[in-house]
Asks: 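Attaching a single structure in structure tokens format; questions to follow.
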There are 2 protein chains.
Amino acid sequence: MTVTLADVAARAQVSPATVSRVLNGNYPVAATTRERVLRAVDDLDYVLNGQASALAAATSDLVGILVNDIADPFFGIMAGAAQSQIGGPEGAGAGRAGGEKLAIVCNTGGSPERELTYLTLLQRQRAAAVILTGGAIEDPEHSAAVAAKLGKLADGGARVVLCGRPPLEFPGGGEAVAAALAFDNRGGARRLTEHLLTLGHRRIAYVAGPVERTTTRHRLEGHRDAMEAAGLGRTVVALTVHGPYDRRSGYDATLELLRREPALTAVVAANDTVALGACAALRELGRSIPDDVSVAGFDDLPFSADAMPALTTVRLPLHEAGARAGRLAMGREAAPAGGIATVPADLVVRGSTAAARG
Amino acid sequence: MTVTLADVAARAQVSPATVSRVLNGNYPVAATTRERVLRAVDDLDYVLNGQASALAAATSDLVGILVNDIADPFFGIMAGAAQSQIGGPEGAGAGRAGGEKLAIVCNTGGSPERELTYLTLLQRQRAAAVILTGGAIEDPEHSAAVAAKLGKLADGGARVVLCGRPPLEFPGGGEAVAAALAFDNRGGARRLTEHLLTLGHRRIAYVAGPVERTTTRHRLEGHRDAMEAAGLGRTVVALTVHGPYDRRSGYDATLELLRREPALTAVVAANDTVALGACAALRELGRSIPDDVSVAGFDDLPFSADAMPALTTVRLPLHEAGARAGRLAMGREAAPAGGIATVPADLVVRGSTAAARG
DNA sequence: ACGGCCGTAGTAAGCGCTTTCTATGCGCTA
DNA sequence: TAGCGCATAGAAAGCGCTTACTACGGCCGT
């Protein structure tokens with residue numbers, strides 16, 4: 001039915017070995033022979049069988065990119081940037097393009113099981129590399145399972161890169177991860193809250209992300225650090241609400257926080273999307289931003305600059321980080337010293353924050 | 001080095017065939033034997049070799065999802081929804097979970113070459129299905145190439161689904177596509193412009209998407225239809241600017257349009273992201289929305305409701321469409337009659353549009 | 001008591017490539 | 001002219017699975 005290497009060989013009157021060599025270009029083949037083979041490939045519309053090729057060569061050109069939520073630009077930007085360093089060969093010929101890989105984006109939806117499942121699937125496909133993006137779930141059991149899987153993946157020759165995820169703690173102490181790009185969530189959050197404190201805010205509410213996520217915890221810790229340094233440590237717990245990283249969560253949480261503390265003057269959100277929800281809630285209650293209440297986000301997603309007022313937030317160089325993760329996964333860039341690089345998180349002050357009233 | 005089926009067989013004291021059968025569960029195996037095999041699998045931490053398995057069984061569990069821009073939630077939402085119907089087996093065992101596939105998202109970046117390249121790559125992997133999302137490029141040569149590739153893919157047994165992409169025109173007249181879900185871009189755009197006309201607007205500018213894209217053309221045609229029906233057909237060309245689907249484009253185009261027609265009272269954008277850029281430009285020029293100028297978008301992405309003022313737009317059920325495409329790709333849903341289903345595009349009126357002033 | 005059938009398990013032939021090893025022809029040098 | 005090395009091509013052995021096809025007991029019916 002489908003055209004095989006042997007068919008091409010027959011038509012070009014050469015051995016299958018020669019065809020393979022022409023396609024892979026890793027062995028000298030006389031120009032005239034090559035020509036003949038190429039013509040046969042063309043005539044027959046031959047396409048290499050990836051599985052067979054991978055099986056025989058014991059290599060795969062799959063690179064897995066795990067994301068928590070593909071519909072969230074936070075992940076989309078990183079994944080796209082990573083993929084740009086990895087996938088889509090330029091020459092679309094029948095042979096496998098040199099060194100190019102096929103990046104595949106796997107959407108875990110934040111579920112630990114799916115994360116593990118995808119890791120198994122990638123292991124099954126003998127993936128060349130795996131990039132894990134975004135925060136991890138902080139269940140010890142799950143972390144151990146993930147660490148174990150990554151260890152196996154690495155044993156199998158896969159390069160493992162963490163992007164926006166804190167370095168794993170390996171039980172055995174062994175380091176199976178090629179590199180980790182850790183966002184400075186804590187520092188960014190601290191600077192953000194300090195900014196608010198400097199503006200005179202004291203009753204600052206915090207809409208945190210889902211519990212048991214490293215990202216959530218780190219950002220919250222940064223916030224708490226700043227609050228404690230200002231002697232406001234005790235108010236933090238009462239004025240913190242957890243929820244998913246979506247608009248709805250920001251909306252609901254803000255309503256709840258306002259019930260707890262009607263006089264709050266600032267709301268810090270776990271990320272920009274959540275912040276937008278918070279803005280919506282405040283507007284509906286007739287509170288002006290930033291005159292009555294300041295609002296701040298995190299991530300600096302593209303739409304944040306377009307919110308009204310434009311969102312004060314913490315900028316994460318998602319594109320750069322994703323691209324670097326991609327390069328790391330391809331082995332095109334040396335791993336940072338110690339295997340860990342911290343990605344800066346810079347405060348971006350815009351219109352949604354202002355001096356506390358009164 | 002790595003554990004193979006044979007190793008498991010040896011440890012369980014059975015033949016490789018039996019192990020395979022236990023793992024695939026497609027052949028009766030005595031309970032005690034199965035037990036023994038499973039224990040061996042566990043003991044050895046065995047993971048099936050996907051390539052070998054796929055090669056031998058002549059089937060693949062890869063499903064490709066092609067998107068133009070993974071960082072754009074428009075695609076992220078569809079891809080995520082599609083993937084939710086496809087990927088991530090529930091049981092993460094060593095065997096291949098029944099009927100479950102691995103969804104892989106391929107980011108073409110809107111480039112025709114990469115689109116073709118990914119299609120070849122998927123063909124090489126003998127993908128079980130391919131979903132193409134979003135508008136197509138309107139180059140006849142490229143369309144023909146894509147159609148040919150899809151034909152081959154289909155010949156090879158892959159299910160091909162178009163989501164948000166108009167049905168292909170096959171040269172041979174043959175229909176190789178399992179199903180096409182076409183957005184009613186034209187109708188939606190028409191209704192949107194009609195809405196503006198009803199509000200009394202006459203000088204309506206249009207910020208279109210990139211030229212040579214079906215989505216761009218269809219939306220523009222809907223707009224033009226409405227304008228022509230109102231006797232304003234002649235103003236359309238002069239008040240239309242093309243650009244990419246990003247914020248920047250909306251910003252720049254609006255500036256340009258205002259230069260051409262300072263008295264315009266409404267700006268219709270190719271999509272919500274572009275609309276946000278338009279809003280930014282208008283605000284900077286001190287024009288109030290919607291008092292001075294009405295602005296409308298398209299797609300109804302999540303953030304559109306949060307813009308200030310909330311964006312009037314055309315709602316596309318991206319999640320539903322993506323999910324349906326996923327089901328179609330899995331053969332879990334019957335193809336619509338004629339292979340083509342039109343996805344409705346409903347007008348959503350919010351705060352960014354109001355009666356024309358004066 | 002014997003043939004046949006059902007339920008299990010094993011044997012072995014590939015799936016379509018890659019790659020090592022071997023063979024051949026040719027132009028050199030000594 | 002014999003001997004050697006180089007460039008090129010072929011033969012064949014897998015890669016790790018799946019899946020006919022075959023084999024072998026035990027239980028049934030008659």
Asks: Do any N or O atoms from the side chain of Ser20(B) and from the backbone of Pro16(B) form a donor-acceptor pair under 3.5 angstrom?
Replies: no

Asks: What pairs with Ala136(B) under side chain to side chain contact (heavy atoms under 4.5 Å, CB included), at least two apart in sequence or on another chain?
Replies: Arg165(B), Thr214(B)

Asks: Counting only side-chain N and O atoms of Ser53(B), is one of them less than 4.0 Å from OP1 or OP2 of dT18(D)?
Replies: yes

Asks: If only atom types and distance count, is the side chain of Asp7(B) paired as donor or acceptor with the main-chain N or O of Thr4(B) below 3.5 Å?
Replies: yes

Asks: Is Asn49(A) near enough to dC15(C) that one of its side-chain N or O atoms lies under 4.0 angstrom from OP1 or OP2?
Replies: no

Asks: Look at the side chain of Val29(A) and decide which nucleotide, out of dT18(D), dA9(D), dT8(D), has an atom nearest to it.
Replies: dA9(D)

Asks: Can a side chain N or O of Thr33(B) be found less than 4.0 Å away from OP1 or OP2 on dA9(C)?
Replies: yes

Asks: Quickly work out the Leu48(A) CG to dC15(D) P distance and round it to whole Å.
Replies: 20 Å

Asks: Determine the contact category for Asp7(A): base if any of its heavy atoms lies under 4.0 Å from a base atom, sugar-phosphate if only primed atoms, P, OP1 or OP2 are that close, otherwise nothing.
Replies: nothing

Asks: Please compare Thr32(A) and Arg126(A) by the position of their nearest nucleotide in DNA chain D and report the one closer to 5'.
Replies: Thr32(A)

Asks: Choose from dC17(D), dC17(C), dT18(C) the nucleotide whose nearest atom is closest to any side-chain atom of Thr4(A).
Replies: dC17(C)

Asks: Taking the side chain of Leu5(A) as heavy atoms from C-beta outward, which of dG16(C), dC17(C), dT19(C) is closest to it?
Replies: dC17(C)

Asks: Distance check needed: dC15(D) P versus Leu55(A) CG, whole Å only.
Replies: 9 Å

Asks: Test your reading of the model: is there a side-chain donor-acceptor pair from Asn24(B) to the backbone of Asn26(B), 3.5 Å cut-off?
Replies: no

Asks: Who are the salt bridge (charged side-chain N to carboxylate O under 4.0 Å, His left out) partners of Glu35(B), not counting sequence neighbours?
Replies: none

Asks: Looking at Thr18(B), does any N or O in its side chain come under 4.0 Å of the phosphate oxygens OP1/OP2 on dG10(C)?
Replies: yes

Asks: Output yes when a side-chain donor or acceptor of Arg332(A) lies under 3.5 Å from a complementary backbone atom of Gln85(A), and no otherwise.
Replies: yes

Asks: Rounded to whole Å, please give me the gap between CZ in Arg34(A) and P in dA9(D).
Replies: 9 Å

Asks: Which pairs of donor and acceptor atoms, one on a side chain in residues 125-135 of chain B, lie under 3.5 Å apart (sequence neighbours left out)?
Replies:
| from | atom 1 | to | atom 2 | distance (Å) |
| --- | --- | --- | --- | --- |
| Arg126(B) | NH1 | Leu48(A) | O | 3.4 |
| Arg126(B) | NH1 | Gln123(B) | O | 2.9 |
| Thr133(B) | OG1 | Leu66(B) | O | 2.7 |

Asks: How close or far is atom C1' of dG16(D) from atom CG of Leu23(B), stated in whole angstroms?
Replies: 13 Å

Asks: Please tell me if Ser15(A) has a side-chain N or O lying less than 4.0 Å from either OP1 or OP2 of dA11(D).
Replies: no

Asks: Excluding sequence neighbours, so at least two apart, what forms side chain to side chain contact (heavy atoms under 4.5 Å, CB included) with Asp45(B)?
Replies: Lys152(A)

Asks: I want to check something: taking the side chain as every heavy atom from C-beta on, are Tyr27(A) and Thr18(A) in contact at a cut-off of under 4.5 Å?
Replies: no

Asks: Within less than 4.0 Å of OP1 or OP2 of dT18(C), is there a side-chain N or O belonging to Asn26(A)?
Replies: no

Asks: Please round to 10 degrees the angle between the axis of the first five pairs and the axis of the last five pairs in the helix from dA1(C)-dT30(D) to dA30(C)-dT1(D).
Replies: 50°

Asks: Do Pro336(A) and Arg324(A) have side chains that get closer than 4.5 Å, going by heavy atoms?
Replies: yes

Asks: Using a 4.0 Å heavy-atom cut-off, does Ala30(A) contact any base of the nucleic acid, only the sugar-phosphate backbone, or nothing at all?
Replies: sugar-phosphate

Asks: Extract from the structure each pairing of a protein N or O with an N or O of nucleotides 21-24 of chain C at less than 3.5 Å, listing the distance.
Replies:
none

Asks: Nearest to the Asn24(B) side chain among dT18(D), dG16(C), dA9(C), which nucleotide is it?
Replies: dT18(D)

Asks: Closest-nucleotide mapping onto DNA chain C: is Gln13(B) or Ala58(B) further toward the 5' terminus? I mean the 5' end.
Replies: Gln13(B)

Asks: Pick the nucleotide of DNA chain D nearest each of Pro28(A) and Ala17(A); which residue has the one closer to the 5' end?
Replies: Pro28(A)

Asks: Can you tell me how far P of dG16(C) sits from CD of Gln51(B), to the nearest Å?
Replies: 16 Å

